[in-house]
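A, B, ... follow the sequence lines: proteins, then strands. Residue 1 opens every chain. All heavy atoms count here, side chains included; hydrogens, waters and symmetry mates do not.
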Number of protein chains: 2
Amino acid sequence: MTATPPVRILLCDDHVVVRAGLLALLGSEPDIEVVGEAGSGEEAVALAAKLTPDVVLMDLQLGEGIDGVEATRRIAATGVHVLVLTTYDTDADITRAIEAGATGYLLKAERPEELFAAIRSAAQGRTTLSPPVASRVMARMRKPLPTLTERELDILAQLSQGLGNRDIARALFISEATVKTHLGRIYDKLGVDTRAGAVAVAKEQRLLP
Amino acid sequence: MTATPPVRILLCDDHVVVRAGLLALLGSEPDIEVVGEAGSGEEAVALAAKLTPDVVLMDLQLGEGIDGVEATRRIAATGVHVLVLTTYDTDADITRAIEAGATGYLLKAERPEELFAAIRSAAQGRTTLSPPVASRVMARMRKPLPTLTERELDILAQLSQGLGNRDIARALFISEATVKTHLGRIYDKLGVDTRAGAVAVAKEQRLLP
DNA sequence: GGCCCCATCAGCCGATCGGCTGATGCGGGG
DNA sequence: CCCCGCATCAGCCGATCGGCTGATGGGGCC
């Protein structure tokens with residue numbers, strides 16, 4: 001067997017501390033080489049195009065600029081594997097990341113060995129999910145959870161501003177009747193029966209940007 | 001001038017990556033020595049008592065077990081300085097950390113030099129706040145923001161479950177009239193006029209645990 | 001050309017909400 | 001001792017909400 005070249009990694013996280021941590025952890029692995037660091041989504045997209053790494057380690061929360069999902073979408077579109085490494089394991093985040101083309105989804109709480117293994121898998125295009133994430137994905141398969149339509153998300157966004165039906169109607173240029181129809185379906189999908197409950201679920205599940 | 005002994009640090013963060021990052025960053029500073037690491041609040045409290053570090057670097061979000069605020073409270077009570085290092089800068093988090101006795105409040109997005117400086121300050125009991133945090137504190141001083149009473153938080157918690165007035169009343173063993181009175185005051189303090197709006201602010205501001 | 005999803009709208013009605021005025025009791029601080 | 005913040009409760013009333021039934025039209029998909 002010939003010596004395999006190291007896996008080339010691009011880091012993307014807005015926190016210096018996290019980048020330093022990843023750098024330190026990955027530095028101990030001979031077959032993994034960090035070839036670049038980005039502190040924003042825009043930077044990551046540019047560097048990924050320039051460096052063509054084997055894997056991009058991407059945080060979903062990036063503070064300023066485009067978010068991790070959008071960065072993932074753009075980078076994945078160029079054929080580079082993106083391994084999402086983030087703090088949260090909500091359904092909405094996972095779904096959006098996967099739809100954006102992420103190769104894997106890891107939680108920052110994961111043990112370093114898992115991270116290394118996931119990176120090596122991702123370099124070959126194989127998918128790795130953190131156990132809690134995998135569980136949620138499985139659960140989602142069994143019970144088709146709330147998948148709100150875009151219009152319903154519009155309504156939900158207005159609702160989360162505390163607006164009444166009339167104001168929502170005006171904001172979206174539709175009638176109150178339509179607002180109420182959408183609200184009813186939103187309640188069904190989210191498993192609630194009041195606007196307060198809907199807002200709670202929306203915030204909890206991070207359904208809104 | 002005699003050589004000053006290094007500042008002795010205890011890290012507390014539930015993410016291995018972050019601990020590794022801090023370890024790497026602080027390792028480059030000769031006058032700062034990391035004497036211990038904790039992955040949970042309980043561990044941090046125990047280690048702080050055993051090691052009596054000069055400063056504890058404390059994250060507020062700790063996953064399982066007691067949260068960072070509670071850990072801060074217990075450690076600060078023993079006279080050890082706690083420097084909060086976290087991701088969020090919401091009013092509620094800042095307020096609770098300060099009330100718990102934190103010596104300073106830094107954001108993870110802060111530049112490493114600021115972190116070093118803050119650690120050295122904290123070792124001497126001096127307070128350091130990240131600029132965004134300082135701004136919020138000042139703003140708070142100027143305009144006495146929502147300070148909900150405990151009872152109001154009880155109501156808000158039930159409200160955030162999507163419960164109606166009757167159910168809230170039953171849950172808290174009070175009459176509907178009282179619930180409505182509290183709700184009115186909550187609306188005033190949060191600057192909203194619907195339950196949906198109140199829930200939105202509550203979640204946004206992390207007013208509930 | 002049907003079928004289904006989605007978005008749109010209407011009207012009805014009982015339940016709930018939000019604002020109002022006003023009242024009681026308790027505890028702490030000046 | 002009085003004042004004030006806090007928690008408790010009552011009643012009233014117009015506005016809003018949530019559930020219901022039912023209808024129309026556009027766009028995919030087979």
Side-chain angles (χ1 to χ4, degrees), chain A residues 92 95-96 99 140-141 143-204 207-208, chain B residues 91-92 95-96 99 140-141 143-203 207-208:
Chain A
T95 302
R96 285 188 296 173
E99 284 175 355
R140 168 83 66 129
M141 305 290 283
K143 182 161 63 80
L145 263 194
T147 307
L148 300 189
T149 68
E150 272 205 33
R151 204 51 170 161
E152 284 160 358
L153 284 177
D154 291 340
I155 306 280
L156 191 54
Q158 300 299 320
L159 180 57
S160 294
Q161 307 284 317
L163 298 188
N165 291 344
R166 185 174 306 129
D167 301 296
I168 297 176
R170 275 204 267 263
L172 300 181
F173 306 105
I174 55 181
S175 81
E176 275 189 65
T178 306
V179 172
K180 294 177 72 173
T181 304
H182 284 308
L183 274 180
R185 273 196 282 271
I186 291 174
Y187 294 163
D188 277 347
K189 291 185 179 179
L190 298 188
V192 301
D193 58 355
T194 64
R195 16 188 82 215
V199 173
V201 173
K203 297 283 185 182
E204 211 74 56
L207 297 178
L208 303 172
Chain B
D91 287 330
T95 302
R96 284 187 297 174
E99 284 176 355
R140 168 82 68 131
M141 303 290 282
K143 183 160 64 81
L145 261 195
T147 306
L148 299 189
T149 68
E150 273 205 34
R151 204 51 169 162
E152 284 160 358
L153 284 175
D154 291 340
I155 306 281
L156 191 54
Q158 301 298 321
L159 180 57
S160 294
Q161 308 284 318
L163 299 187
N165 291 344
R166 185 175 307 125
D167 300 297
I168 297 176
R170 276 204 267 263
L172 300 180
F173 306 105
I174 55 182
S175 82
E176 275 189 67
T178 305
V179 172
K180 295 176 71 174
T181 304
H182 284 307
L183 274 179
R185 274 196 282 270
I186 291 174
Y187 294 163
D188 276 348
K189 291 185 178 180
L190 298 188
V192 300
D193 57 356
T194 64
R195 19 188 79 218
V199 173
V201 173
K203 298 282 186 183
L207 296 178
L208 303 172

Extract all donor-acceptor atom pairs below 3.5 Å that involve side chains of residues 176-186 of chain B and protein atoms in other chains or at least two apart in sequence.
residue : atom : partner : partner atom : Å
B/T178  : OG1  : B/S175  : OG           : 3.3
B/T181  : OG1  : B/A177  : O            : 2.9

Margin query: Pick the closest DNA chain C nucleotide for A/T149 and for B/V192 by heavy atoms, then say which residue is nearer the 5' end.
Written below: A/T149
Item checked: Those residues of residues 173-186 of chain B lying under 4.0 Å from DNA chain C by at least one heavy atom -> B/K180
Margin query: Can you list, in residue-number order, the parts of residues 161-169 of chain A that come under 4.0 Å of DNA chain D, counting heavy atoms only?
Written below: A/G164, A/N165, A/R166
Between [atom1] of [X] and [atom2] of [Y], what distance do you get to the nearest 0.5 Å?
X      : Y      : atom1 : atom2 : answer
A/L153 : A/S160 : CG    : OG    : 10.0 Å
B/L207 : B/R96  : CG    : CZ    : 8.5 Å
B/L208 : B/Q161 : CG    : CD    : 9.0 Å

Check: What closest approach, in Å, do A/R151 and A/I174 show between heavy atoms, and which atom pair accounts for it?
Finding: NH2-CG2, 3.6 Å
Next item on the list: For A/L156 and A/A202, work out which heavy atoms get closest and say how close.
Entry: CD2-CB, 3.7 Å
Notebook entry, point to check: Within the side chain of A/K189, is there an N or O that forms a donor-acceptor pair under 3.5 Å with the backbone of A/T147?
Noted result: yes
Item checked: Main-chain N/O of B/T149 paired with B/E152 side-chain donor or acceptor, under 3.5 Å -> yes
Would you list the atom pairs, donor with acceptor, under 3.5 Å between side chains in residues 191-201 of chain B and any protein atom, with sequence neighbours excluded?
residue : atom : partner : partner atom : Å
B/T194  : OG1  : A/G162  : O            : 3.1
B/T194  : OG1  : B/G197  : N            : 3.1
B/R195  : NH1  : B/L163  : O            : 3.2
B/R195  : NH2  : B/N165  : OD1          : 2.2

Checklist line | First-last contacting nucleotides on DNA chain C - partner chain B, under 4.0 angstrom, heavy atom | finding: C/dT16 to C/dG19
Please tabulate, one pair per line, each protein N/O and nucleotide N/O from nucleotides 25-28 of chain D that are separated by under 3.5 Å, including the distance.
none

Margin query: Which residue in the set B/L172, B/L159, B/I168 passes side chain to side chain contact (heavy atoms under 4.5 Å, CB included) when paired with B/D154?
Written below: B/L172
